[in-house]
Amino acid sequence: MSDPPVRLTKEEVAEAYGRYGHLVLRRCSRILRRDDAAEDALQEVFVRLWRYGDAFRAAESKVAWLYRVADRCCFDVLARDRTRREVPFDETGAELVSEGSDRRAIEDREIVLMFLSRFDDRVKEVAVLHYLDGLTQEEIAAATGWSRQTVVKKLAFLADRAEKLRAALLSTSGAP
Amino acid sequence: MSHPSNFILERFSVNDLAGPSALEVEQHIRACDGCTQFLAQLEAARKARLAAVPAAQFVEQVSARRARVVRLVDHRIARLGAAAMTVLAAAAAILLFVRRPDHGPLGGVTLKGSGVAVHRNRGGDVHALASDETIRGGDALRIVITQSRPTRVAAWVVDVQGRIDRVVEEGSIALPSGESALPGSLVVDSPCIDLELVVLFGVESFQDAERRLKEAIPDGAIPEGTGWGLPGALTRRLRCE
């Protein structure tokens, strides 16, 4: 019979926050693009850290464990936001497309992250690992447990969507 | 080596890389202004964050959030109005009584009118969960108890990894006869994992009941139907999508 899981103490949570909190917040900010939402997600990540402390302790990479949880929390926020309100192109693209913008100025990464909520969770995960973490196809396959072929397909899908979204943004803004 | 990925640099910055990888990254950084600058930015962000929200303050915020989640969901469900909740509870109780043999652990044991219904709130859509319906991350669940006489009731959720959480923070609660919702609601974590709801009626010693429940959970698996060590308890499996 195994003992029930042991949760982290307040001191351990404080120590984890002191060491990793800024990284988790940074990640949440980049996924959610809203400071208040990122702050909220950071707290949620640490609520789960508190609850699943034994899994955190056992994790080979604490950062990877926290990032996985952060991604889930952020995807939930994105899903809830999307349920509440579908943001139109011209509104979400305003900060990307300014006067004088050209196609190349809008990086795939910015577009994909801007419209992350439009993708399903598996695609979101690949997008975050590729565009935020800078992982290669092989590394993404290893991190997710999916085949490299699946990862390649999803990255191709993301690149295609980014191109279409870019075109739509530019046509909305009237840029050449 | 080529530039390490942001992920690797972030891990390196907090000593989260194992020996050989860390050495390799360290050697690269010595000769790379861009990566050195990136690490300096991370360290500056760490200091700024801790200055803005010190660890002790953050832990208090998180601690308060753990308790607040329950109450926030409560208020949301309460807005539906007492009448709607009563109708839902009645419908759920009927469903439960009809379907009890499918998911109760006690088979032919007569439970003398005790029942458990689970109400699921998903994006504002609240209804009693049928036995073939599922849960997912972010769902708020409220537990409605039906009993024929006043007793103390305790409830737990057990996940497939054997973790046990109390539904009632204080342990057990005295409830009147008829239908009563347990205080607070459960918010399903994401990613969702299957849960087993265990409700014990007529609790005399909560500590003893919880101890027996913990002893009844086998390693890494929820027992199917029996073996909970709590005679008279009702269980209900909550499956993820």
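Letters A, B, ... mirror the listed sequences (proteins, then strands); counts begin at 1.
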Within a reach of under 6.0 Å around [atom1] of [X], are more than 12 heavy atoms found that belong to other residues, nucleotides or ligands?
{"X": "Gln149(A)", "atom1": "CD", "result": "no"}
{"X": "Asp208(B)", "atom1": "CG", "result": "yes"}
{"X": "Glu138(A)", "atom1": "CD", "result": "yes"}

* **side-chain contact (heavy atoms from CB on, under 4.5 Å) between Arg27(A) and Asn6(B), intermediate numbers included** => CA-CA 11 Å; Arg27(A) 186 178 193 83; Asn6(B) 287 350; over 6 Å; no
* To do: State, to 0.1 Å, how close Val53(B) and Tyr17(A) come at their nearest heavy-atom pair, and which atoms those are.
  =>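 Nearest heavy atoms, Val53(B) then Tyr17(A): O-OH, 2.5 Å.
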* Asked: Which atoms form the tightest heavy-atom contact between His22(A) and Leu42(B), and what is the distance?
  ->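 That would be CD2-O, 3.3 Å.
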* Against chain B, label Glu39(A) side chain, backbone, both or neither, depending on which of its atoms sit under 4.5 Å from a heavy atom there. =>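 Just the side chain, heavy atoms under 4.5 Å.
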* **chain B contact via Tyr67(A) - side chain, backbone, both or neither, heavy atoms under 4.5 Å** =>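 Side chain only.
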* With no hydrogens and no angle check, do the side chains of Ser5(B) and Asp133(A) hold a donor and an acceptor under 3.5 Å apart? ->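 No, because no side-chain N or O of Ser5(B) sits under 3.5 Å from a partner of the opposite role on Asp133(A).
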* To do: Evaluate side-chain contact (heavy atoms from CB on, under 4.5 Å) for Phe7(B) paired with Val63(A), printing each intermediate quantity in order.
  => CA-CA 9 Å; Phe7(B) 178 60; Val63(A) 173; 4.1 Å; yes
Option that, when pairs with chain B are counted at under 4.5 Å, heavy atom only, ranks first among [options]:
{"options": "Ser61(A), Gly134(A), Ala14(A)", "answer": "Ser61(A)"}
{"options": "Glu139(A), Arg26(A), Glu15(A)", "answer": "Arg26(A)"}
{"options": "Val13(A), Leu42(A), Leu25(A), Leu129(A)", "answer": "Leu42(A)"}
{"options": "Ala64(A), Gly21(A), Ala16(A)", "answer": "Ala64(A)"}

* Quick one: pull up OG in Ser13(B) and OH in Tyr20(A) and give me the separation to the nearest 0.5 Å. =>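 So the OG of Ser13(B) and the OH of Tyr20(A) are separated by 10.0 Å.
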* To do: State the CG-CZ distance between Leu23(A) and Arg49(B), to the nearest 0.5 angstrom.
  =>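 Rounded to the nearest 0.5 Å, the CG-CZ separation comes to 12.0 Å.
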* Check the pair Trp65(A) / Asp16(B) against side-chain contact (heavy atoms from CB on, under 4.5 Å), numbers first and verdict last. => CA-CA 11 Å; Trp65(A) 190 93; Asp16(B) 191 50; over 6 Å; no
